[in-house]
Every structure is written in C-alpha cells, then in structure tokens.
Amino acid sequence: MPRTEEAAAWYSAVYSAVQEVPYGKVTSYGHIATLLGYPERPRQVGMCLKYLPRVEEQPDARYNSASVPWQRVINAKGVISHRGVNGAERQQAALEEEGVEVSRDAMGERWIDFDVYGWFPRYLPSERAERETEEAEDGEE
DNA sequence: ACAATGACCGCGG
DNA sequence: ACCGCGGCCATTG
C-alpha cells in the first residue's frame with residue numbers, strides 16, 4: 001500500500017486510467033502517464049501495476065487484477081516488458097485471450113504491432129485539437 | 001537513515 | 001540504428 005495520500009491518489013488515477021483501455025486494445029506506460037498530466041512518470045505507472053493486488057488475494061478491492069486490465073499496458077517499443085517469473089508470458093496469454101496478436105522477434109521479445117495513436121481513443125486536449133484540425137484539412141482536399 | 005532498484009521514456013551523441 | 005543518461009519516486013534491503 002502507498003504510504004502517502006499523494007501516492008494513493010496517483011495509484012488510483014493510474015488504475016482508473018488503465019480501466020479505460022478498451023478490450024482487445026493495447027497502450028503504453030508512457031501514454032497513461034501523459035494522459036494523467038505526468039509525461040515524465042511512465043516508470044511510476046509500471047510500479048502501480050506491479051503492486052496491483054491479485055484478485056485471488058483481494059477479491060473485493062476496487063482495483064485488482066480482475067477490475068484493472070493490466071495486461072493491456074506494454075512499453076513504448078511495443079514490447080511486453082519482462083519481470084518476475086513468467087511475467088511476460090502470463091501477460092501474453094492474457095492478451096491472446098482477448099484476441100490480441102503477440103509475435104516474437106529474433107531476441108525472443110514478445111511484441112505487438114500497434115499504431116501509436118490508433119489503439120487508444122483518448123487524447124490530451126492539445127493532441128485532440130491537432131487531430132481534429134488535421135482531419136478537417138483532409139476533409140477539405 | 002541511506003542506497004539501490006525497478007512492468008519506463010525521450011533525448012543526445 | 002544503437003547506447004547512455006537523467007528524470008522519476010515508492011518500495012526494499
């Protein structure tokens with residue numbers, strides 16, 4: 001459990017943001033951090049997920065491995081980060097369960113082919129404005 | 001109390 | 001294209 005109020009608030013913010021990643025879609029730690037207004041904290045996003053309680057241990061917790069789709073968060077390179085024993089392997093299984101295709105590269109890394117802004121339909125206000133402008137321009141041509 | 005350690009990332013060289 | 005480095009901060013040793 002987080003020690004300070006601030007930390008607790010951060011954990012909740014991260015968990016609730018991750019809950020918005022749609023089924024079958026994938027996003028990155030950095031994108032979650034950016035959405036929350038702290039683009040320099042992707043690492044802390046990973047930390048929150050690391051400490052996400054498992055549903056077996058805390059079935060009634062607001063945030064646990066069943067209510068928060070932790071498996072939909074990967075790193076900015078598009079690769080499932082390794083951790084612990086079989087961590088990446090379990091994440092791959094969870095993703096494949098929902099139809100996400102996971103490949104292996106020459107180094108054995110588990111990567112997912114995703115389009116940086118195609119996977120998660122939520123943007124920072126500034127990004128949203130840019131996209132809408134671009135789309136409007138495309139429409140005029 | 002202090003130092004090391006991460007489910008990370010973008011920028012330079 | 002491939003490191004290395006600094007920023008980040010709760011947790012752990």
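The sequence lines fix the lettering, A, B, ..., with proteins before strands; numbering per chain opens at 1. The figures that follow rest on heavy atoms only: side chains count, while hydrogens, waters and symmetry mates do not. Model, not experiment: these values are computed from the prediction.
- Counting to the nearest Å, the C1' atom of C/dC9 and the OH atom of A/Y29 are 17 Å from each other.
- With sequence neighbours excluded, no residue forms a ring pair (Phe, Tyr, Trp, His ring centres under 6.0 Å) with A/Y51.
- The salt bridge (charged side-chain N to carboxylate O under 4.0 Å, His left out) contacts involving residues 57-67 of chain A comprise A/R54-A/E57, where partners must be two or more places apart or lie in separate chains.
- Enclosure of atom CD in A/E56 by more than 12 non-hydrogen atoms of other residues, nucleotides or ligands within 6.0 angstrom is indicated.
- In the region residues 38-55 of chain A, proximity to DNA chain B at under 4.0 angstrom, judged on heavy atoms, holds for A/P42, A/R43, A/G46, A/M47, A/L49, A/K50.
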Under 3.5 Å, which protein N or O atoms sit close to an N or O of nucleotides 2-5 of chain C? Give each pair with its distance.
none

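- For A/S65, there are no side chain to side chain donor-acceptor pair (under 3.5 Å) partners, not counting sequence neighbours.
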Residues A/V45, A/W10; criterion side-chain contact (heavy atoms from CB on, under 4.5 Å); working and verdict
CA-CA 9 Å; A/V45 171; A/W10 168 253; 3.9 Å; yes
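- A close approach under 4.0 Å does occur between a side-chain nitrogen or oxygen of A/S81 and OP1 or OP2 of B/dC8.
- Within residues 66-78 of chain A, the residues having any heavy atom closer than 4.0 Å to DNA chain B are, in order of number, A/W70, A/N75, A/A76.
- Between the A/N64 side chain and the A/Q58 main chain, a donor and an acceptor come within less than 3.5 Å of each other.
- Judged as a side chain to side chain contact (heavy atoms under 4.5 Å, CB included), and not counting sequence neighbours, the contacts of A/S103 are A/E101, A/W111.
- Between the P atoms of B/dA4 and C/dC5, the separation comes to 16 Å (whole Å).
- A/Q44 is linked by a side chain to side chain donor-acceptor pair (under 3.5 Å) to nothing, counting only residues two or more places apart in sequence or in another chain.
- Counting any heavy atom pair closer than 4.0 Å across all strands shown, A/G87 reaches no nucleic acid atom.
- In the region residues 97-112 of chain A, proximity to DNA chain B at under 4.0 angstrom, judged on heavy atoms, holds for none of the residues.
- In terms of the ring pair (Phe, Tyr, Trp, His ring centres under 6.0 Å) criterion, A/W70 has no residue partners (sequence neighbours excluded).
- Per the geometry, CD belonging to A/Q92 stands 16 Å off C1' belonging to B/dA7, to the nearest Å.
- Within the structure, salt bridge (charged side-chain N to carboxylate O under 4.0 Å, His left out) contacts touching residues 33-42 of chain A (residues at least two apart or in different chains) do not occur.
- Residues forming a salt bridge (charged side-chain N to carboxylate O under 4.0 Å, His left out) with A/R72 (at least two apart in sequence, or on another chain): A/E98.
- Looking only at atom types and distance, the side chain of A/R110 has no donor-acceptor partner in the side chain of A/Q91 under 3.5 Å away.
- No donor-acceptor distance shorter than 3.5 angstrom exists from the side chain of A/N86 to the backbone of A/R90, with no hydrogens or angles considered.
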